[in-house]
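Below is one structure, written out as structure tokens, with a few remarks after it.
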Amino acid sequence: MSKSINIAITGAAGRIGYALVFRLANGDLFGTHDVVNLRLLEVPSAMKSLHGIQMELDDCNFTTLGDVVITDEPEVAFGDADYVFMMGAKPRLKGMERSDLLQDNAKIFASHGRTLGKVASKDVKVLIAGNPSNTNTLVALSNAVELNSTNFTGMMQLDVNRCKSIVSKHCGVPHTTINDVIIWGNHSSTLYPDLNHAQVKGFPAMDLIDDDWYVKDYIPLVQDRGHSVIEWLGASSAASAANAAIQQMKMWTGKGGSQRWESMAVLSSGQYGIDSDLVFSFPVRHARGELFIVDDLDIDEYSLSMIKLSESELILERDEIKHLL
Ligand code: NAX
């Protein structure tokens with residue numbers, strides 16, 4: 001029997017939101033059997049655009065789309081939500097300090113977290129991309145006191161995909177032959193894209209990759225990929241971010257991905273010596289409807305120093321918004 005699934009998207013009239021809603025309506029996450037109801041949340045000033053998006057959704061005549069609600073009230077958007085994509089965040093404006101952005105966005109995620117806890121389904125899966133996404137995830141899950149921390153993940157799949165595409169081009173192999181890459185840490189330029197446990201065509205990736213290229217080219221390429229896209233496109237990644245959001249949710253729901261691990265930002269409980277109560281990107285496996293951190297890998301000294309750099313950045317971010325936790 002087909003199911004009816006409620007999906008809420010915050011910042012739905014934003015660039016990622018626009019790329020995401022049509023793919024969800026088309027069944028790209030749950031297939032063609034189930035029906036999705038979309039709850040699109042925006043700030044009051046963006047409601048006009050959201051109305052236009054609703055008209056476009058109507059004009060697509062998707063067979064997998066149920067009802068569409070557009071709203072500026074989080075209680076309406078999150079009511080009985082089964083899945084939530086949190087893309088809604090303020091952009092960094094000219095002259096704005098990074099810490100001001102951190103504060104402003106953390107307030108949004110604290111408030112959305114509180115509402116989610118009160119009105120969403122208790123099994124809701126909440127994927128957070130609005131930046132700074134790790135710390136926003138920490139804020140949201142800390143304020144959603146009625147939910148478990150395992151209801152929340154921060155998006156890292158775009159970084160995983162960037163890493164695979166760079167290795168694929170460098171080694172001249174299809175990206176589908178690259179497995180078990182790990183993104184550690186923060187979704188920022190301190191992330192560490194670790195290939196020490198990865199395989200390319202079943203062989204250890206590091207046997208095919210020169211150490212010099214790894215340190216001097218590959219790591220900065222992955223860390224700066226978002227900025228490079230902005231330089232060329234004149235705007236930040238949107239289609240690839242929407243695609244990554246669907247892939248991460250698919251893996252989380254067990255409807256895709258593989259038996260191998262992917263990376264997601266989840267609440268640390270001290271794995272690999274990472275401070276607990278940070279939302280940190282770890283390798284995770286999906287089993288029996290749950291995510292498990294892969295917690296038994298050997299980490300070399302260089303990798304550990306890179307991981308610790310990202311941890312330090314997240315601790316600083318957490319210190320700045322600790323009044324909201
Ligand atoms: P846009 O600025 O195009 O869209 C953001 C939307 O959020 C706007 O329409 C705005 O009105 C809405 N919004 C703001 N406050 C809101 C609130 N309180 N409730 C509901 N909606 C609200 O940004 P876009 O390019 O769509 O990116 C969205 C977020 O994703 C940004 O924070 C961006 O930095 C972040 N990203 C995160 C990535 C990740 O991998 N974690 C990668 C892509 C992206 O850069």
Side-chain angles (χ1 to χ4, degrees), residues 8-21 39-53 69-78 81 84-93 96 98 101-116 126-140 152-163 183 185-191 193 222-230 233-249 262-266 279-281 314 317:
I9 303 163
T10 76
R15 293 184 65 255
I16 300 178
Y18 187 72
L20 183 61
V21 290
R39 311 286 181 243
L40 309 182
L41 180 71
E42 261 296 349
V43 291
S45 58
M47 287 307 292
K48 188 165 174 257
S49 312
L50 212 46
H51 188 79
I53 292 174
V69 174
I70 62 170
T71 180
D72 57 8
E73 293 174 48
E75 293 77 8
V76 174
F78 297 151
V84 180
F85 291 88
M86 298 183 86
M87 310 305 181
K90 286 191 185 167
R92 186 165 170 180
L93 302 172
M96 197 176 185
R98 194 176 170 283
L101 182 75
L102 191 66
Q103 296 293 339
D104 281 2
N105 281 334
K107 278 182 211 148
I108 295 175
F109 285 83
S111 152
H112 284 180
R114 279 194 295 278
T115 309
L116 275 168
V126 184
L127 180 148
I128 295 182
N131 274 322
S133 52
N134 294 53
T135 298
N136 287 338
T137 306
L138 178 66
V139 171
F152 293 82
T153 66
M155 185 163 104
M156 300 305 294
Q157 187 64 40
L158 181 55
D159 304 297
V160 172
N161 289 348
R162 287 169 172 171
C163 162
I183 304 291
N186 199 3
H187 170 72
S188 77
S189 55
T190 69
L191 63 80
V222 182
Q223 290 176 329
D224 296 339
R225 183 71 169 184
H227 293 122
S228 305
V229 170
I230 293 173
L233 184 67
S236 57
S237 306
S240 57
N243 178 61
I246 289 173
Q247 283 181 319
Q248 181 161 324
M249 197 62 104
E262 294 293 344
S263 298
M264 294 188 201
V266 294
V279 168
F280 200 84
S281 181
L314 280 167
E317 287 185 11

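Ligands are counted one by one from 1 in listed order, and the atoms in each one are counted from 1 as well. Residue numbers count from 1 along this sequence.
For ligand 1, the atoms closer than 4.0 angstrom to any heavy atom of Leu158 are 42 (C). Every atom of ligand 1 with a heavy atom of Ala241 under 4.0 Å away is listed here by number and element: 43 (C). Which parts of ligand 1 touch Ser133 is read off a 4.0 Å heavy-atom cut-off, strictly below it: atoms 41 (N). The ligand atoms of ligand 1 that sit less than 4.0 angstrom from a heavy atom of Ser237 are 43 (C). Listed by number with element, the atoms of ligand 1 under 4.0 Å from a non-hydrogen atom of Gly11 are 6 (C), 7 (O), 12 (C), 20 (C), 21 (N). The distance from ligand 1 to the heavy atoms of Ala89 drops below 4.0 Å at these ligand atoms: 5 (C), 7 (O), 13 (N), 14 (C), 32 (O).
Of all heavy-atom pairs spanning Asp72 and Leu41, the tightest one is C-CD1, 3.6 Å. Closest approach of Thr10 and Gly88 over heavy atoms only: OG1-N, 2.8 Å. Residues Asp224 and Ser189 come closest through the heavy atom pair OD1-CB, 4.4 Å. Closest of all the heavy-atom pairs between Phe78 and Ala8 is CD2-CB, 4.0 Å. Ala13 approaches Ile53 most closely through the heavy-atom pair CA-CD1, 3.7 Å.
Scanning the protein for heavy atoms near atom 29 (C) of ligand 1, the closest one is Met87 O, 3.4 Å. Counting only heavy atoms of the protein, atom 37 (C) of ligand 1 lies nearest to Ala129 O, 3.0 Å.
Distances from atom 9 (O) of ligand 1 to the heavy atoms of Glu42, His187, Arg15, Glu73 put Glu42 nearest. Nearest-residue assignment for atom 22 (C) of ligand 1 (options Val43, Asn131, Ile9, Ile108; heavy-atom criterion): Val43.
With Ser263 as the partner, the side chain to side chain contact (heavy atoms under 4.5 Å, CB included) test is satisfied by one option alone out of Cys163, Pro193, Ser281: Ser281.
Looking at Gln248 and Met264, their side chains come closer than 4.5 Å, going by heavy atoms from C-beta outward.
The proximity of His112 to ligand 1, defined as any non-hydrogen pair under 4.0 Å, is limited to the side chain.
Residue Ile16 places at least one N or O, backbone or side chain, under 3.5 Å from an N or O of ligand 1. Annotation: Lys90 places no N or O atom under 3.5 Å from an N or O atom of ligand 1; distance criterion only.
Within 4.0 Å of atom 2 (O) of ligand 1, not a single protein heavy atom is present.
Within the structure, ligand 1 lacks Ala238 among the residues with a heavy atom less than 4.0 angstrom away.
Identified under the side-chain hydrogen bond (donor to acceptor under 3.5 Å, both in side chains) test for residues 235-245, with sequence neighbours left out: Arg23-Asn243, Arg162-Ser237.
Here Glu317 pairs with Arg98 under the salt bridge (charged side-chain N to carboxylate O under 4.0 Å, His left out) rule; sequence neighbours left out.
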